[in-house]
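For ligands, and for the atoms within them, numbers begin at 1 and follow the listed sequence. Computed from a predicted model, the values in this text were never measured in an experiment.
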Amino acid sequence: MPSLHTLSPTGTTTPAIDRTPFCTCCPGATVWLTGLPSAGKTTIAYELADRIRAEGRRVEVLDGDELRRFLSAGLGFGRADRHTNVQRIGLVAEILARNGVLALVPVIAPYAESRAAVRARHAASGTPYLEVHVAAPVEVCSVRDVKGLYARAAVGELTGLTGVDDPYEEPESPDLRIASHTESARESAQALYALLTERGLA
Ligand SMILES: Nc1ncnc2c1ncn2[C@@H]1O[C@H](COP(=O)(O)OS(=O)(=O)O)[C@@H](OP(=O)(O)O)[C@H]1O
Ligand SMILES: Nc1ncnc2c1ncn2[C@@H]1O[C@H](COP(=O)(O)OP(=O)(O)O)[C@@H](O)[C@H]1O
């Protein structure tokens with residue numbers, strides 16, 4: 001059953017701005033979905049975004065691929081560049097979240113130190129932050145191989161692939177760990193929705 005939300009007034013004067021009524025009763029938050037390539041981060045983020053948007057919440061998916069084309073253009077996949085990428089995305093997410101948006105971030109973020117810095121930035125501004133480990137193991141991810149990266153790594157066309165020949169530091173105590181290899185994407189999105197509800201964020 002859809003939850004009850006308070007709706008803001010509908011504006012009529014500036015057509016260029018989306019004036020769709022939106023829920024103002026839940027605070028914004030950042031939900032960072034970390035995990036290996038093809039673990040299911042993007043699928044879960046968009047599935048959840050559709051559901052939450054339908055309830056009148058403002059929600060944005062900060063898609064790693066898209067952000068790397070613009071915000072992080074020119075960055076590679078070495079440790080320093082991945083850290084920079086994650087900090088930049090963390091900043092954007094925090095700005096959105098502290099302004100009432102639910103920011104869903106399906107980005108690998110392989111280093112615990114990078115993730116901790118993003119969490120600390122949110123804590124400093126009192127902005128809710130959830131870390132979700134999308135935990136399909138590399139054996140499953142490499143079969144899914146949505147973008148063909150594992151196949152390219154297997155024949156030596158790609159090096160530095162997370163989980164293959166580049167590190168992935170698993171979160172030790174995430175707010176939620178999703179077994180995205182033993183359940184459907186819909187079930188995974190539902191588990192995350194349940195956590196948001198429990199924390200008063202949806
Ligand atoms: N070497 C290597 N390692 C990992 N990932 C790679 C690599 N090369 C390209 N890609 C593709 O880049 C997508 C975005 O990466 P991210 O910005 O999420 O990575 S990171 O957080 O900066 O580590 C990431 O997207 P997802 O597959 O959705 O995770 C990959 O498809
Ligand atoms: N429980 C699940 N959660 C998310 N994706 C799943 C799940 N089960 C199977 N999948 C499939 O796994 C693939 C994950 O791809 P994607 O979401 O692009 O991964 P990532 O963003 O982590 O690289 C998709 O083809 C999706 O349909």
### Query
Heavy atom under 4.0 Å from ligand 2: found in Ser184's side chain, backbone, both, or neither?
backbone
### Message
Just to confirm my output: which protein heavy-atom neighbour is closest to atom 5 (N) of ligand 2, and how far is it?
### Response
Gly40 CA, 3.5 Å
### Query
Asp165: what forms a salt bridge (Lys or Arg N to Asp or Glu O under 4.0 Å) with it, not counting sequence neighbours?
none
## Note on the structure
Taking only non-hydrogen atoms of Gly160 and a 4.0 Å limit, the atoms of ligand 1 in range are 1 (N), 2 (C), 3 (N)
### Query
Hey, which atoms in ligand 2 end up nearer than 4.0 Å to a heavy atom of Leu36?
22 (O)
### Task
May I ask you to check whether Arg121 and Gln87 show a side-chain donor-acceptor distance below 3.5 Å?
no
### Query
Is there a donor in the side chain of Ser125 and an acceptor in the side chain of Glu94, or the other way round, less than 3.5 Å apart?
yes
### Query
Cut-off 3.5 Å, side chains only: do Tyr193 and Glu47 have a donor facing an acceptor?
no
### Query
Where is the nearest protein heavy atom to atom 8 (N) of ligand 2: which residue, which atom, and how far?
Arg144 NH2, 3.2 Å
### Query
Are any of the N/O atoms in Pro37 less than 3.5 Å from those in ligand 2?
no
### Salt bridge flag under 4.0 Å for residues Asp65 and Lys147
yes
### Query
Counting N and O atoms only, with roles assigned by atom type, does the side chain of Asp145 sit under 3.5 Å from a partner on the main chain of Ser38, one being a donor and the other an acceptor?
no
### Query
For residues His133 and Thr34, is any side-chain donor paired with an opposing acceptor at under 3.5 Å?
no
### Query
Can you list every pair that meets ring pair (Phe, Tyr, Trp, His ring centres under 6.0 Å) and has a residue in residues 40-74, with sequence neighbours left out?
none
### Message
Residue-level breakdown please: for Thr162 versus ligand 1, do any non-hydrogen atoms fall below 4.0 Å on the side chain, on the backbone, on both, or on neither?
### Response
both
### Message
Which of the numbered atoms in ligand 1 are under 4.0 angstrom from any heavy atom belonging to Pro110?
### Response
21 (O), 23 (O)
## Note on the structure
When distances are taken from atom 26 (C) of ligand 2, the protein heavy atom at minimum range is Thr43 OG1, 3.7 Å
### Top protein contact for atom 21 (O) of ligand 2, by heavy-atom distance
Thr42 OG1, 2.4 Å
### Message
Does any part of the side chain of Val138, heavy atoms only, come nearer than 4.5 Å to the side chain of Tyr150, both counted from C-beta?
### Response
yes
### Query
Is Val86 linked to Val105 within one hydrophobic cluster, defined over Ile, Leu, Val, Met, Phe, Trp and Tyr using a side-chain heavy-atom separation of less than 4.5 Å?
yes
### Atoms of ligand 1 close to Pro37 [distance to a heavy atom under 4.0 angstrom, numbered from 1]
27 (O), 29 (O)
### Query
Are Leu48 and Leu130 grouped together when hydrophobic residues (ILVMFWY) are joined by side-chain heavy atoms under 4.5 angstrom apart?
yes
### Query
Which is it for Ala39 and ligand 1 at heavy atoms under 4.0 Å: side chain, backbone, both or neither?
neither
### Task
State the atoms of ligand 1, each with its element, that fall below the 4.0 Å cut-off from a heavy-atom position in Lys41.
29 (O)
### Query
Near Lys147, which atoms of ligand 1 are under 4.0 Å from a heavy atom of that residue?
25 (O), 26 (P), 27 (O), 28 (O), 31 (O)
### Message
I need the nearest protein heavy-atom contact for atom 15 (O) of ligand 2: residue, atom name and distance, please.
### Response
Val146 CG2, 3.3 Å
#### Entry: Contact partition for Ala185 relative to ligand 2, non-hydrogen atoms under 4.0 Å
both
### Task
Mark the output for Leu149 as yes if a heavy-atom distance to ligand 1 is under 4.0 Å, and as no if none is.
yes
#### Entry: Atoms in ligand 2 flagged as close to Ser180, the criterion being non-hydrogen separation under 4.0 Å
1 (N), 2 (C), 3 (N), 7 (C), 8 (N)
### Query
Tell me: protein heavy atom nearest atom 14 (C) of ligand 1, and distance?
Asp65 OD1, 3.6 Å
### Task
Identify, for atom 23 (O) of ligand 2, the protein heavy atom at the shortest distance, and state residue, atom and that distance.
Ser38 N, 2.7 Å
## Note on the structure
Logged contact type for Val86 with ligand 1, heavy-atom cut-off 4.0 Å, is side chain
### Query
Which atoms of ligand 2 have any heavy atom of Ile44 under 4.0 Å away?
3 (N), 4 (C)
### Query
Should Ser188 be counted as touching ligand 2, given the test is an N or O pair under 3.5 Å?
yes
### Task
Please say whether the positively charged group of Arg82, taken as NZ for Lys or CZ for Arg, lies over the ring of Phe77, i.e. under 6.0 angstrom from the six-membered ring centre and within 45 degrees of the axis.
no
### Task
Check for a donor-acceptor pair, side chain of Arg88 on one end and backbone N or O of Leu71 on the other, with a separation under 3.5 Å.
yes
